[in-house]
Amino acid sequence: MNSVDLKAVGAGFSDLSFGSQAVFRAALHALSHPGRPVDVAHDAEVPTHGHAAAAALLLALLDPDCRLWLSPSLAGSDAAAWLRFHCGCVLVDEPAEAQFAWVAAGDEAPPLASFAQGSEAYPDQSTTCVLEVSAIAAPMAEPDATSWRLQGPGIRDQVGLTVQGLAPSTAAALLAERALNHAAFPRGVDLFLATPRQIVGLPRSTRIALEA
């Protein structure tokens, strides 16, 4: 990580307990209702790199025992210094070593299979990946919008989700990777999509298909 002046690192939650609990509840709500955008309200002074909702989410989830992988544009940024300062987390170079991963908008996400998958006995030892997008429920007229149909636990019948701003290679590979990820249940990677202000949960139990 590049040297960063800690005096320039922004503050975390003004009330650590209340702030962390509020964002953690938002994360649980998002995972309990896959495909539903959830607002992430917080008062943290988030870093200049990365989406605010993603930063606040990880601020609430990480602790000194956590290993975090950051995509290239985040790895040497103030986001890395901010999370290390406030959470004490360990930054790792390999996705397979990470309990959490943060992929910035525009960065290519590693294949889901490259992250920790957990085991049959300990499925919780897999990676949770936070993937930045520019918008959710964006108009399909936008050239980089992707529309999905979601099914699985927490969803009545099915729900549609339109995502804008995924890296083209990521959007193309994600459906096939998610199918393999779902087939390995209870092993597998849980995903959060993050816009600047909202998150969407895509747990490993959710099935994703292109909207017809």
Side-chain angles (χ1 to χ4, degrees), residues 1-31 38-110 112 114-116 118 124-134 136 165-167 170 189-203:
M1 184 182 70
N2 295 340
S3 177
V4 176
D5 182 5
L6 293 181
K7 295 179 180 178
V9 174
F13 302 125
S14 60
D15 184 312
L16 178 59
S17 178
F18 179 80
S20 295
Q21 289 176 13
V23 176
F24 186 71
R25 284 195 298 270
L28 288 180
H29 187 72
L31 289 176
V38 177
D39 292 337
V40 179
H42 65 91
D43 63 358
E45 296 177 3
V46 296
T48 58
H49 291 78
H51 288 345
L57 175 62
L58 288 165
L59 181 63
L61 296 179
L62 295 173
D63 62 39
D65 293 326
C66 290
R67 300 181 301 277
L68 173 67
W69 181 87
L70 297 172
S71 67
S73 67
L74 293 168
S77 73
D78 61 337
W82 186 76
L83 286 172
R84 287 198 64 185
F85 179 78
H86 290 295
C87 304
C89 57
V90 177
L91 299 183
V92 296
D93 295 326
E94 298 299 327
E97 300 173 352
Q99 293 165 290
F100 293 89
W102 183 4
V103 181
D107 283 356
E108 185 173 350
L112 295 183
S114 68
F115 291 112
D124 58 316
Q125 293 182 353
S126 62
T127 304
T128 296
C129 182
V130 181
L131 183 61
E132 291 188 351
V133 298
S134 56
I136 296 167
L166 279 175
T170 299
V189 175
D190 293 322
L191 288 177
F192 285 98
L193 303 181
T195 73
R197 297 189 179 188
Q198 294 181 312
I199 56 174
V200 166
L202 296 174

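Small disclaimer: the values here were computed from a predicted structure and weren't measured.
- With hydrogens and angles ignored, the 3.5 Å screen pairs no side-chain donor or acceptor of D39 with any backbone N or O of A41.
- Heavy atoms from other residues, nucleotides or ligands lying under 6.0 Å from CG of D124 number more than 12.
- Atom CD1 of I199 and atom NE2 of H29 lie 9.5 Å apart (nearest 0.5 Å).
- Taking each heavy atom of A44 and L59 in turn, the nearest pair found is CB-CD2, 4.0 Å.
- Of the possible polar contacts, one joining the T127 side chain to the A98 backbone as a donor-acceptor pair under 3.5 Å is found.
- The CD atom of E94 sits 9.0 Å away from atom OG of S114, with the distance rounded to the nearest 0.5 Å.
- Panel note: side chain D190, backbone T128; no donor-acceptor pair is recorded below 3.5 Å.
- Note that CZ of R84 and CG of L68 are 10.0 Å apart. Values are rounded to the nearest 0.5 Å.
- The minimum heavy-atom distance linking V189 with A116 is given by the pair CG2-O, 3.9 Å.
- Contact check for R197 versus V40: no side-chain heavy atoms found under the 4.5 Å cut-off.
- Counting only distance, with no hydrogens or angles, the side chain of E132 and the backbone of H51 share a donor-acceptor pair below 3.5 Å.
- In terms of modelled atom types and a separation under 3.5 Å, the side chain of E45 and the main chain of A11 share a donor-acceptor contact.
- Considering CG of L193 and CD1 of I136, their distance stands at 5.5 Å, rounded to 0.5 Å.
- Between the R67 side chain and the V92 main chain, no donor and acceptor come within less than 3.5 Å of each other.
- Within the 4.5 Å cutoff, the side chain of F192 has heavy atoms near those of the L57 side chain.
- Side-chain contact between L91 and L70 is present, with at least one heavy-atom pair separated by less than 4.5 Å.
- Between the CG atom in L131 and the CG atom in L202 there is a gap of 9.0 Å [rounded to 0.5 Å].
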Please lay out, stage by stage, how F100 and L62 fare under the test side-chain contact (heavy atoms from CB on, under 4.5 Å).
CA-CA 8 Å; F100 293 89; L62 295 173; 3.5 Å; yes
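- One finds the SG atom of C129 at 12.0 Å from the CH2 atom of W102 (value rounded to the nearest 0.5 Å).
- Looking only at side-chain heavy atoms (C-beta outward), V23 and F13 come within less than 4.5 Å of each other.
- Looking at W82, its side chain never comes within 3.5 Å of a backbone N or O of G12 through a donor-acceptor pair.
- When every heavy atom of A81 is checked against every heavy atom of V9, the shortest pair comes out as CB-CG2, 4.5 Å.
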